[in-house]
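Since this is a predicted model, take the numbers as computed values, not measurements. Remember, it's 1-based here, ligands and their atoms both numbered in the order they're listed.
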Amino acid sequence: MTACEPQIIGTSQAILKVRQIILKVADVDLNVLISGESGVGKELVARALHYYSGRREKPFMKVNCAALPRELMETELFGYEKGALTGADRRRIGKFEAAADGSIFLDEIGEIPLTMQAKLLQVLQDQKFPRIGGNKEIGTQARVIAATNRNLEAEILAGNFREDLYFRINTISIVVPPLRERKEDIPPLVDFFLEQHRAIYGNTVSAVPASLMELFLDYHWPGNVRELENYLKRLSVLGNHPEIERELRCQMDISAARETAPRKDGAADPVQDVEAEPVLAVPKGKKFPSLKEVRDQAVMKVEKAVIEQVLDETHWNRREAARILKISYRTLLYKLKDMNIRRMD
Ligand SMILES: Nc1ncnc2c1ncn2[C@@H]1O[C@H](COP(=O)(O)OP(=O)(O)OP(=O)(O)O)[C@@H](O)[C@H]1O
Ligand SMILES: [Mg+2]
């Protein structure tokens, strides 16, 4: 089945350049490395490369290298023969074999452990491999497209990534810049997503209020296009622009406080964040709350903002979020319920 045409929206020079290079290299059988922060559109670029190549009708196989431990990654990539592993009661083909003469997309390639990097390099050099537990060599003509949100050159210096593998996958390099560096893409992206959401959710939101657009243009977009898409999904379904505006302002205050008071260990300083915005505005003549109430509300507010940010950055991987926040998984689940934090997409 042919996938529909991937649409890379944007009018910035950076996006024009990305679109140009895709068209130029799509049909050349060279390996491509796509780099950029999380949510900038790396997978979209990979799909576009496949779509505009002569391999469009062939398979596009995606492997998420970050999600798999080494043993599973090996079987995922190369498959196994019956009896090769415990529980292997029949042969299974891997993603390289399934990709055949299509494309294989190695997402988050920077996460592959070193031992596996050596094996992958070997396969890319020889263009053949045996299934795990097998002797027969399987040839592969798949075009390799890799993506990373890490700086692989720094990883090479740190001894975490093989230089020879880097040169093998990085024949052509496409860098997708973060959204904050190409803000003129925001208005066309907003139109594009609202239109898309109208078709999916049947809502009637056809534009964002000027006040929200102003914030969109000011915001630093740590989660890039995916984050923008999520806000617009919420707006389309719930129509709650004042709440979104409040949230964006809160996020901006947190990052401003972080910038003015960076901690030596590089982590955010929650106390500074509290000071960035009045925690509790008490109208003149109204009774002041007790200090305990103030404290509880302040703590809750900061915790909520930080938890949401960490969940956003971990793509709602709650175990990873709990690890970063140094709380137990159960505590995190309790807090999500208590603070009414829900995934919106
Ligand atoms: N220029 C763009 N035009 C239209 N949609 C876009 C654009 N860039 C990104 N998107 C959309 O934003 C979302 C995130 O993009 P994508 O998954 O390709 O990012 P990514 O760089 O692979 O992120 P991650 O590193 O987190 O995996 C997707 O829904 C994608 O379709
Ligand atoms: Mg991706």
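Ile9 N, 2.9 Å is the protein heavy atom nearest to atom 3 (N) of ligand 1. Among all non-hydrogen protein atoms, the one lying nearest atom 27 (O) of ligand 1 is Arg226 NH2, 3.8 Å. The protein non-hydrogen atom at the shortest distance from atom 15 (O) of ligand 1 is Gly41 CA, 3.6 Å. Ranking the protein heavy atoms by distance from atom 29 (O) of ligand 1 puts Glu229 OE1, 2.7 Å first. Looking only at protein heavy atoms, the nearest one to atom 22 (O) of ligand 1 is Glu43 N, 3.2 Å. Val40 O, 3.5 Å is the protein heavy atom nearest to atom 8 (N) of ligand 1. The single protein non-hydrogen atom nearest to atom 24 (P) of ligand 1 is Gly39 N, 3.5 Å, given as residue, atom name and distance. The protein non-hydrogen atom at the shortest distance from atom 25 (O) of ligand 1 is Lys42 NZ, 2.7 Å.
For Glu108, no nitrogen or oxygen atom sits less than 3.5 Å from a nitrogen or oxygen atom of ligand 1, counting backbone and side chain alike. Looking at Val225 next to ligand 1, no N or O pair under 3.5 Å apart turns up. Residue Ile8 has no N or O atom closer than 3.5 Å to an N or O atom of ligand 1. Looking at Phe193 next to ligand 1, no N or O pair under 3.5 Å apart turns up. Here's the thing with Leu189: none of its N/O atoms is less than 3.5 angstrom from an N/O atom of ligand 1.
Of the N and O atoms on the side chains of Asn340 and Arg342, at least one donor lies less than 3.5 Å from an acceptor on the other residue. With no hydrogens or angles considered, a side-chain donor-acceptor pair links Ser12 and Asp185 at under 3.5 Å. No hydrogens or angles considered: nothing links the side chains of Tyr80 and Glu74 as a donor-acceptor pair under 3.5 Å.
The pair Arg198-Glu195 counts as a salt bridge, with a side-chain nitrogen and a carboxylate oxygen less than 4.0 angstrom apart. Between Lys128 and Asp126, no side-chain nitrogen of the basic residue sits less than 4.0 Å from a carboxylate oxygen of the acidic one, so the salt-bridge criterion is not met.
Within the 4.0 Å heavy-atom shell around ligand 1 one does not find Arg47. In this structure, Gly10 falls outside the shell of residues with a heavy atom less than 4.0 angstrom from ligand 1.
Heavy atoms of Val45 found under 4.0 angstrom from ligand 1: none, in either backbone or side chain. In Gln7, the part holding a heavy atom less than 4.0 Å from any atom of ligand 1 is the backbone.
Side-chain contact between Glu43 and Asn64 is absent, with no heavy-atom pair separated by less than 4.5 Å. Considering only heavy atoms from C-beta on, Val40 stays 4.5 Å or farther from Val45 through its side chain.
Taking every non-hydrogen atom of Leu44 and a distance limit under 4.0 Å, the qualifying atoms of ligand 1 come out as 2 (C), 3 (N), 4 (C), 5 (N), 6 (C), 7 (C), 8 (N), 10 (N), 18 (O). Residue contact check: His315 has heavy atoms under 4.0 Å from atoms 26 (O) of ligand 1.
Under a hydrophobic clustering in which Ile, Leu, Val, Met, Phe, Trp and Tyr are joined whenever their side-chain heavy atoms come within less than 4.5 Å, directly or via other members, Leu33 and Leu77 fall into the same cluster.
With rounding to the nearest 0.5 angstrom, the NE2 atom of His220 is 7.5 Å from the CD atom of Glu227.
Aromatic ring pairs are classed by plane angle as parallel below 30°, tilted from 30° to 60° and perpendicular above 60°; the pair Trp221 and Tyr231 is perpendicular.
Judged by the 6.0 Å distance and 45° axis criteria, Arg56 is positioned over the aromatic ring of Tyr51.
Checking Leu238, Val208, Leu215, Leu235 one by one against Ile244, the side chain to side chain contact (heavy atoms under 4.5 Å, CB included) holds for a single residue, Leu235.
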